[in-house]
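Atoms within a ligand are numbered from 1 in the order they appear, just like the ligands themselves.
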Amino acid sequence: MKMKLYSMVSELKAMDVVMAVVAILIMSVIKQRKLAARNRGAMLWPVLGILPTLYINLDHIYDWVTEVLRRCGGTFPYHGASFCGAHGVVTSDPANVEYMLKTNFANFPKGRYFRERFIDFLGDGIFNADDESWKEQRKTASFEMHSSRFVAFSARTMTELVHGKLLKLLKMVPDSIDLQDVFLRFTFDNISAAAFGVDTGCLTVNQNEVLPVVPFAKAFEDATELTLFRFIVPPFVWRILKALNVGTEKKLRSAIEQVHEFVDKTVSDRRTELNESRGSNEKFDLLSRLVEEEQRTSAGNLRFSEKFIKDFCISFILAGRDTSSVALTWFFWLLEQNPRVESNILEELHDIINLRDIQIPDDEVVFSIEELKKMNYLQAALSEGLRLYPSVPIDFKEVLADDVLPDGSPVRKGGRVMYSIYSMGRMEEIWGKDCTEFVPERWLKNGGKFSGESHFKYTVFNAGPRLCVGKNFAYLQMKMVASAIILRYSVRPVDGQEICPKLTTTLYMKHGMQVRFVPRNE
Ligand code: HEM
C-alpha cells in the first residue's frame with residue numbers, strides 16, 4: 001500500500017514536471033510568435049531556433065526568405081539550435097551589404113565556418129582564403145585574367161568550343177536534351193581549358209553518340225556536392241562521419257583524392273613541359289602563366305609553391321564551373337516565357353550581321369569579340385536573368401568583432417550575416433514596381449547602351465574587394481553561347497516538366513530542363 005502511494009506520488013511529480021515543461025514551451029512559443037509578429041521576422045522556436053521554420057518552408061526557401069525580408073523591412077535576426085550556437089542576421093538591405101563587403105570589409109571575412117567545410121577540397125585556394133593568402137591570389141588572378149594574352153586565349157578557346165563542339169552536338173539532338181547538363185559540360189570544358197589548358201572532353205560525343213562520363217569532371221562534381229552537404233547538416237553529423245570515414249564523408253574523401261591526383265599530375269607535367277620548352281611556350285592558360293611567371297622571376301626559388309598553384313587552379317574551376325551554366329539555363333527558360341525579348345535579341349543579332357561587308361548564311365556566322373561587345377540588348381537580357389535567378393542565391397560572411405549594421409541591426413562576434421542575393425533582385429525598393437518581371441530595358445540608357453547598376457544593389461557578382469574576378473569572362477562566355485544558339489534555334493522547353501531551384505549554394509534547376517531545338521530556318 002505504502003509502495004503504491006509512493007509510486008502514485010512520484011508519478012504525479014513526474015507529471016507535474018512534464019506539465020511545467022510543456023507550459024514553459026507553450027509560453028515561450030507564444031512569446032516568440034509575438035516577437036516574430038512584432039518585428040515581422042522569422043519564427044524562432046524554443047531550443048531549435050529557426051530550424052523548424054526552415055524545415056516547413058524548405059521546398060520554397062528562397063521565396064520564403066524574400067517574403068520575410070519584404071515583411072520586416074530588409075533584415076531579420078535568426079539563431080540555430082541552442083546546442084549549435086549559430087546566430088546572426090539575414091539581410092537584403094544594400095546599405096548593410098555595402099558596409100559588410102566594402103566599408104568594414106576587414107570585420108566580415110569568409111571565416112572559419114566556410115573554411116572548415118571547404119578546406120579538404122579547396123585547401124587555401126582564393127575561394128577559401130582570407131587575409132594575406134587571399135590578397136596574394138587576388139592580385140595574381142586579376143593580373144593574369146586581365147592580361148591581353150589570357151583574354152585573347154580564352155576568346156579563342158571559347159569560340160572553338162562553341163562552334164567546334166557545342167553547336168555540333170545540338171545538331172545531333174534527336175528529340176530533346178537536358179539543357180542544364182549540356183551547359184554544365186560546356187562550362188567545365190571551358191574553365192578547364194582556361195585554368196589548366198587541358199581538354200576534359202565533357203562535350204565530346206563518343207562512338208555510340210552518347211555524352212561521356214568524364215572521371216575528373218565526375219569527381220569534381222561529387223566533391224563539390226558532398227562538400228556542400230556539410231553546409232546543410234548539423235556540424236556534428238559530418239564531423240562524426242568524417243572521423244569514422246563512412247557515408248558521404250567517405251565518398252567525399254575518395255572524390256577529393258581523384259581531383260587532387262589529376263591536378264598534381266597536370267601541374268607536374270606542365271612544369272616539365274615548360275622547363276623543356278623555355279621561351280617557346282604557346283600555352284596561355286592560367287597554370288602555364290603561373291609556371292612561366294615562376295620561371296621568369298624566381299631563378300631557382302619557387303615564387304609560387306606547388307600547393308599555391310594547385311589550390312589556385314582548383315578554386316578557379318569551382319568558381320567558374322557552374323555559375324555561368326546555371327545562369328544560361330534560367331535565361332533560356334525566361335526567354336521561352338518572354339517571346340518579345342527573344343525577338344528583340346534576334347533583331348539585334350541581325351542588325352550586327354547586317355553591318356558586315358560580306359553576308360553569309362546565319363548557320364555559318366561566328367561572331368567576333370568586337371561584335372559581341374556591341375550586343376547591348378543581349379547583355380541587358382542576361383543581366384536581367386541573373387537578377388531574377390542569381391547563380392549564387394544566398395551568400396554569407398562571418399562577424400569578427402561585435403558590430404552594428406547601418407540599419408541599426410546589432411551583430412555579435414562569431415555570428416554570420418547572410419545576404420540574400422535572390423531576394424535583393426526582387427525588392428520593390430531597389431528595382432521598382434515591376435521588380436518581379438523580366439524587363440531587359442531597365443539596363444539600357446542613352447539610346448540603348450547597356451548601363452550597369454551599383455554592385456551593392458546588384459550583388460550577383462559580389463561586390464567590393466571580393467568582386468567576382470571572372471565577371472568579364474562570364475559575360476563573354478554567356479554572350480557567345482546565347483548569340484550562337486539564338487541565331488540558329490528557337491529553344492523550346494518540353495511541356496509538363498517541373499522547373500524549380502535545387503536547395504544548394506548554386507541555383508541549379510532541381511530536375512534540369514529538357515528542351516527541343518527548333519532550327520530557325522525550318
Ligand atoms: C554568371 C557567372 C558568374 C557569377 C554569377 C559569379 C558570381 C560570383 C560570386 C557571387 C562570387 C563571390 C563568392 C563569395 O565570395 O562567396 C564570385 C567570386 C569569384 N568568381 Fe565568379 N561568378 C561567375 C563566373 C565566374 C567565372 C567564369 C570565373 C572564372 C573564370 C569566376 C571566378 C571567380 C573567382 C576566382 C572568385 C573569387 C574572388 C575572390 O574571392 O576574391 N566567376 N563569383
How far is [atom] from the closest protein heavy atom, and which atom is that?
atom	value
atom 16 (O) of ligand 1	D395 OD2, 2.7 Å
atom 27 (C) of ligand 1	F473 CD2, 3.5 Å
atom 38 (C) of ligand 1	R138 NH1, 3.5 Å
atom 40 (O) of ligand 1	R466 NE, 2.9 Å
atom 37 (C) of ligand 1	F127 CD1, 3.8 Å
atom 7 (C) of ligand 1	V460 O, 3.4 Å

Side chain, backbone, both or neither: the part of I191 lying under 4.0 Å from ligand 1 by heavy atom: side chain

Test item: side-chain donor near acceptor, N96 and T91, under 3.5 Å: yes

Modelled atom types, side-chain donor and acceptor of T187 and S325, under 3.5 Å: yes

So does [X] pair up with [Y], basic N to acidic O under 4.0 Å?
X	Y	answer
E398	R115	no
E371	K374	no
E342	R492	yes

With heavy atoms of [X] as the reference, note each atom of ligand 1 found under 4.0 Å away.
X	result
F316	29 (C), 30 (C), 35 (C)
K110	14 (C), 15 (O), 16 (O)
S391	5 (C)
M145	30 (C)

More than 12 heavy atoms of other groups within 6.0 Å of [X] [atom1]:
X	atom1	answer
R239	CZ	yes
K449	NZ	no
K510	NZ	no

What protein N/O/S atoms sit under 2.8 Å from atom 21 (Fe) of ligand 1, by chain and number? C468 SG

For S154 and V151, indicate whether the former's side chain and the latter's backbone hold a donor-acceptor pair under 3.5 Å.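 Pair found, side chain donor or acceptor close to backbone of V151.
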
For L444, does its backbone N or O pair with a side-chain atom of N376 as donor and acceptor, under 3.5 Å? no

Could you check if a side-chain atom of L101 sits within less than 4.5 angstrom of a side-chain atom of K397, using non-hydrogen atoms only?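 Side-chain contact under 4.5 Å: yes.
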
Side chains of F517 and I485: does their closest heavy-atom pair fall under 4.5 Å? yes

If we only count N/O pairs under 3.5 Å, is W134 in contact with ligand 1? yes

